[in-house]
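Here is the naming used below: chain letters follow the sequence lines, and residue numbers restart at 1 for every chain.
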There are 2 protein chains.
Amino acid sequence: MANPERSTELLWGSRTRGGLSLDRIVRTAVELADAEGLGAVSMRRLADRLGFTTMALYRHVPGKAVLVALMYDAALAGWGAVPGPDPETSTDTGPGSDATPGPDANPGSGAGSVTSPDPGADWRADLAAWARGGLDVHRRHPWLADAEDPRRVPGPNAVAAFERALEITARTGLPPAEVVAAASLVSGVVAGAAQRSAAEARAERGSGVGFEEWWGRRDSLYAHLDRYPTLSRLYREGAYDAPPDSFDYGLERTLDGIEARIRDVVRYEKACEVCGRPVADGPAGRPRAYCSAACRQRAYRHRRRTEA
Amino acid sequence: MANPERSTELLWGSRTRGGLSLDRIVRTAVELADAEGLGAVSMRRLADRLGFTTMALYRHVPGKAVLVALMYDAALAGWGAVPGPDPETSTDTGPGSDATPGPDANPGSGAGSVTSPDPGADWRADLAAWARGGLDVHRRHPWLADAEDPRRVPGPNAVAAFERALEITARTGLPPAEVVAAASLVSGVVAGAAQRSAAEARAERGSGVGFEEWWGRRDSLYAHLDRYPTLSRLYREGAYDAPPDSFDYGLERTLDGIEARIRDVVRYEKACEVCGRPVADGPAGRPRAYCSAACRQRAYRHRRRTEA
DNA sequence: AATGGCATGTCTACAGCGTACACATCGGGT
DNA sequence: ACCCGATGTGTACGCTGTAGACATGCCATT
């Protein structure tokens, strides 16, 4: 050990300064991405910011794809939380701060929960709140949309978020496959809005010009649009003067659609009195009790026998 | 001209072989992207395929961003077309083949069109067909999702497609701003589904393993999922056995939502019998005929006068 | 106490990307 | 005859992710 500086540092320096660690890497990467976008997170820049060389990162992370996966789940911390009335809300960042509130502290799936006595009530408000929460998360971490990957193994935070959506959606009484489909649909609405919002934010930062101003200067484009009758009629009628927020509109329409679907399908949630298979009522008339003529006949014979 | 080869070529070679041209570049780029994804379209590879050097491309295109914009609009050719019963359907490819069917050959916005006598009828079927057409386009060009850009100037094909969606949606009788919002919403559903489909396709090609198989091997993930009660209950109940197609489900729910919105809002489309301004019915009760008490009183006085 | 092995960090190098810049060639108008 | 713009070529720069060889320090075993 010919270097006394190094000795001094090791002997007297703050002990925690030294090690690179997975947590520090991921946390710093998330900060970098929050500030400058996922594109700004290169291994070199990240290493620089951490005060190490590029290749040091590879001692803790096998490659960039995995790093992004870790960032992704870290950023999703808290989305799955039940919004309860407790004041502590901002427990977000960091893969180390185990913000995942253990799904087992569950919001009353089995025994009746105290706060909301009726099981199916207010799924719509809760699902809307969940969606808005997701949009908030995406607004805090605009790069999330760029980090999407259909083959990514979901982490605890991602699963917790989806579990929460399923728990809410399940209260609608829709059949299981549709619960998943509906929750996924709303999740997709959130992801789509987040993507548009993030892309616009990036464009604005990249060009230095705001949305309104940029599109206001496209006169050479608008000159061509007279040829499209519906488009120009709608424009003349003020369709673009005060457009509704596209996320709100999409979310409300989607929830309307799910609501309509519930009206159509919940009556299918009845079991055949004989064989237990689901019974689909007709579009009108007296509700059916049996799934088929065979079962009805079987029930009839059974009744005859026991009554006799 | 010391080079006799060059002379021979110029004198005897096929005349059209020579020039690089914007059309050829864009067409070839689209082919390349169709076959190997947008990521495979680098200026070097594209130039190689065309038999020129990289920098030759820059004599025709200012940069890659513009090239992608040209590819994008070229790939959208045909989406805006009215699906009339004519057998010629596959007029898709190429920025040169002016496939845009001139929006002025319009589908009966003004005078009553012959084929569909009732104006509002079947907006739902038409909009669904438009959405499916869009998904088809995206399936033929899976890279379209990667080429999205909120600040891109739309080309004629993109505008034609949106015009078609607006034309259909306008038949619902929704107010102008909502026509745009609803059409955009459906467009977003298409884009979202296309994105998921493309990402999955790329993952499949990249890993060489199909969706089912890949997720079937994630046992080490599923081992963790017991902790999530709703998720595992739904799984046990078979929610994942025969999942509905996510695009179909999302599209139908979205159209349901628009339908519900029409029921809620179309009654607002009535004009005050006195001043002509729009009259909003209350949430219940007898429909209003006047926009204000003042107008009602004016109408009453007018009636008294004319009857007397 | 010495030693071997492993974890950690560093350095150099490579293939790929978009594109700026200097240069060669050719056709057409002054 | 001359020049000039359009077109195509070749080289080079800075950026990316990461493979591979090398140095160092700590821990467990001998």
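- Following rounding to the nearest Å, B:R24 (CZ) and D:dG8 (C1') show an atom-to-atom distance of 14 Å.
- Atom P of nucleotide C:dG16 and atom CE of A:M43 are separated by 20 Å, given to the nearest angstrom.
- Side chain of A:R164 to main chain of A:W130: no donor-acceptor pair is present (N/O by atom type, distance under 3.5 Å, no hydrogens or angles).
- Atom pair B:L38:CG and C:dG18:P shows a separation of 10 Å (rounding to whole Å applied).
- Closest-nucleotide positions on DNA chain D for A:A65 and B:A56 were compared, and the one nearer the 5' end corresponds to B:A56.
- For A:M55, the listed nucleotide lying nearest its side chain is C:dC11; candidates were C:dC11, C:dC17, C:dT19.
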message: Please determine whether salt bridge (Lys or Arg N to Asp or Glu O under 4.0 Å) holds for the pair B:E200 and A:R151, giving the CA-CA distance in whole Å, both sets of side-chain angles, and the decisive distance to 0.1 Å.
response: CA-CA 7 Å; B:E200 170 51 29; A:R151 288 285 179 93; 2.8 Å; yes
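- Of all nucleotides listed (D:dT18, C:dT8, D:dG8), C:dT8 comes nearest to the side chain of A:H60.
- More than 12 heavy-atom neighbours from other residues, nucleotides or ligands sit within 6.0 angstrom of CZ on B:R132.
- Summarising the geometry, the separation between CG on B:L22 and P on D:dA6 is reported as 15 Å, rounded to the nearest angstrom.
- Taking atom CZ of residue A:F52 and atom C1' of nucleotide C:dA7, one finds them 14 Å apart after rounding to whole Å.
- Taking atom CD1 of residue B:I25 and atom C1' of nucleotide D:dG8, one finds them 12 Å apart after rounding to whole Å.
- When rounded to the nearest whole Å, the span between OH of B:Y58 and P of C:dC17 equals 11 Å.
- Between the side chain of B:R44 and the base of C:dG16, no donor-acceptor pair of N or O atoms lies under 3.5 Å.
- Other residues, nucleotides and ligands contribute at most 12 non-hydrogen atoms within 6.0 Å of the OH atom of A:Y235.
- Regarding B:R59, its CZ atom lies at a distance of 12 Å from the P atom of C:dC21, rounded to whole Å.
- Applying the 4.0 Å criterion to OP1 and OP2 of C:dC11, one finds that A:T53 has every side-chain N and O outside that range.
- No more than 12 heavy atoms of other residues, nucleotides or ligands shown are found within 6.0 angstrom of CZ on A:R139.
- In this structure, A:V41 reaches the sugar-phosphate backbone alone: every heavy-atom distance under 4.0 Å involves primed, P, OP1 or OP2 atoms, never a base.
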